[in-house]
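Letters A, B, ... mirror the listed sequences (proteins, then strands); counts begin at 1.
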2 protein chains.
Amino acid sequence: MIRILLAEDQAMMRGALAVLLGLEDDLEVVAQVGAGTDIVPAALETHPDVALLDIELPGISGLQAARELAERLPGCKVMILTTFSRPGYVREAMAAGAAGFLVKDGPVEELADAIRRVLRGETVLDPDLAAATLRAAPNPLTARERDVLAASEDGSSIADIAGRLFLSPSTVRNYLSAAIGKTGSRNKTEAALAARRNGWLG
Amino acid sequence: MIRILLAEDQAMMRGALAVLLGLEDDLEVVAQVGAGTDIVPAALETHPDVALLDIELPGISGLQAARELAERLPGCKVMILTTFSRPGYVREAMAAGAAGFLVKDGPVEELADAIRRVLRGETVLDPDLAAATLRAAPNPLTARERDVLAASEDGSSIADIAGRLFLSPSTVRNYLSAAIGKTGSRNKTEAALAARRNGWLG
DNA sequence: CGAGCCCACTGACATTTGTCACCGCCTGGT
DNA sequence: ACCAGGCGGTGACAAATGTCAGTGGGCTCG
């Protein structure tokens with residue numbers, strides 16, 4: 001019996017996947033969580049064979065949880081299941097030691113089999129997705145540029161961002177200018193959108 | 001046997017829901033589509049009793065499809081199933097004659113029963129959600145303000161927007177200024193985010 | 001130990017954006 | 001016939017934004 005931990009914030013999706021996986025004779029969902037912060041505690045308690053994690057979760061992200069799981073529960077395989085096939089996500093997932101990367105666009109029929117393959121030691125990663133990730137430029141942004149871009153995502157003014165990050169407005173403007181250049185954008189809004197699209201903001 | 005049409009863009013969600021609903025003795029998924037443009041043709045062909053529609057779909061939106069279904073297949077009940085409980089969405093769904101409005105945050109166990117209740121003639125709408133919708137201000141934006149805000153969502157400059165909408169930059173600035181005031185925002189980026197959050201941009 | 005890089009910051013400057021007051025043109029309602 | 005209100009537009013002005021050049025400090029790597 002393969003023991004599964006399921007982390008997904010949308011209750012209906014989570015419930016539907018749990019029922020679906022439960023229909024398989026050799027699969028068993030031993031934990032369902034809706035927040036990133038619940039993943040590691042639930043895993044330590046239930047000792048699943050595989051953790052199926054969404055990335056964008058309340059609290060910590062699935063990628064962060066994957067890193068913690070790799071450290072604290074090395075026997076547990078990690079699979080990422082996400083809406084977005086962003087190069088940055090794939091890159092980070094693999095760096096975090098994930099054994100599988102699935103997108104929610106894919107057919108549900110393959111999910112159970114992907115889990116079995118991961119348990120056999122295989123790595124599940126769509127070849128086209130792998131190729132696209134390798135082809136895409138890796139994250140060119142510095143940590144500070146990421147901070148500033150992330151803080152500008154809600155449409156804040158430069159003065160607001162500076163206040164929030166304890167930087168001078170001039171400094172923030174400079175980081176944004178650098179980020180705008182690196183993303184090939186024309187203003188901070190475009191730059192933030194582009195960085196988010198590429199998975200460069202975590 | 002209740003015949004269901006399922007419209008949802010995420011293949012895995014769509015597949016999982018189809019399997020789940022198919023497990024019920026009295027339910028039958030007779031059509032699954034992933035694009036808004038496929039909804040009406042599929043409904044005309046399969047004559048479902050109820051159409052379960054996501055809102056944000058490729059092609060036309062689920063709300064637009066709901067309006068067309070109400071006109072061309074009046075016997076078919078429409079239920080909206082969406083990620084977002086935006087007041088504007090609820091309002092438009094009800095105006096389009098939808099018999100149910102469900103959010104994907106809700107428990108999957110209630111889905112089948114909600115469908116049965118709609119088929120019995122009931123309206124399925126969470127009371128808290130209805131109250132929140134009535135409490136929220138209705139869309140204060142004029143058609144032009146919506147156009148301009150929608151065009152600014154990708155971070156375009158005012159000059160770009162003016163070019164795309166065949167307006168003068170001054171006019172675009174005026175509409176944006178009005179929208180910024182009505183949304184209580186500080187710049188066009190915040191205004192576009194706020195309008196989108198409220199479901200005012202369709 | 002220097003070269004090169006990231007970081008934090010400053011000041012100057014041009015451009016963009018947001019606000020305000022005001023114009024005329026239609027259209028729908030009374 | 002009149003008025004209100006949406007629409008498209010202009011000009012002027014202040015504020016925010018983006019760019020550039022330059023100053024240090026800390027860090028790593030050859």
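- The distance between atom CG of B:L176 and atom C1' of D:dG9, rounded to the nearest whole Å, is 15 Å.
- A close approach under 4.0 Å does occur between a side-chain nitrogen or oxygen of A:S168 and OP1 or OP2 of C:dT10.
- Between A:Y175 and the phosphate of C:dC7, there is no side-chain N or O to OP1/OP2 separation shorter than 4.0 Å.
- Non-hydrogen atoms lying under 4.0 Å from DNA chain C are contributed by A:T142, A:A143, A:R144, all within residues 141-159 of chain A.
- Contact of the A:V33 side chain with the A:L57 side chain is not registered, since no non-hydrogen atoms from C-beta on lie closer than 4.5 Å.
- B:I180 places its CD1 atom 4 Å from the P atom of C:dG18, with the value rounded to the nearest Å.
- Checked against D:dT17, C:dT19, D:dG22, the side chain of A:R173 finds its nearest nucleotide in D:dT17.
- Residue A:L167 contributes atom CG, which lies 17 Å from atom P of C:dC6 at whole-angstrom precision.
- Counting only heavy atoms from C-beta outward, the side chains of A:R146 and A:N139 approach each other to under 4.5 Å.
- For the pair B:M79 and B:L102, the minimum side-chain heavy-atom distance is below 4.5 Å.
- Atoms NZ (A:K182) and C1' (C:dC5) sit 11 Å apart, rounded to a whole Å.
- The distance from atom CZ of A:F166 to atom P of C:dA8 is 13 Å, rounded to the nearest whole Å.
- With respect to A:F101, the side-chain contact (heavy atoms from CB on, under 4.5 Å) criterion is satisfied by exactly one of A:V124, A:D126, A:T133, A:T82: A:T82.
- Partners of B:E110 by side chain to side chain contact (heavy atoms under 4.5 Å, CB included), not counting sequence neighbours, listed by chain and number: B:P107.
- A salt bridge links A:K104 to A:D54: at least one charged side-chain nitrogen sits closer than 4.0 Å to a carboxylate oxygen.
- You'll find the side chain of B:L44 reaches within 4.5 Å of the side chain of B:L73, heavy atoms only.
- OP1 or OP2 of D:dT19 sits under 4.0 Å from a side-chain N or O of A:S177.
- Counting to the nearest Å, the C1' atom of C:dA14 and the CG atom of A:N187 are 16 Å from each other.
- With a 4.5 Å cut-off on side-chain heavy atoms, B:V90 and B:L125 count as touching.
- For the helix from C:dC1-D:dG30 to C:dT30-D:dA1, the axis fitted to the five pairs at one end and the axis fitted to the five pairs at the other end meet at an angle of 40° (nearest 10 degrees).
- Taking atom CG on B:D160 and atom P on C:dT15, their separation rounds to 17 Å, with Å as the unit.
- Going from atom CG of A:D49 over to atom OG1 of A:T46 covers 9.5 Å, rounded to the nearest 0.5 Å.
- Applying the 4.0 Å criterion to OP1 and OP2 of C:dG18, one finds that B:K188 has every side-chain N and O outside that range.
- Between C:dC9 and A:T171, a contact under 4.0 Å exists linking OP1 or OP2 to a side-chain N or O.
- In terms of polar N and O atoms assigned as donor or acceptor, the side chain of B:N174 comes within less than 3.5 Å of the base of C:dC20 in a complementary pairing.
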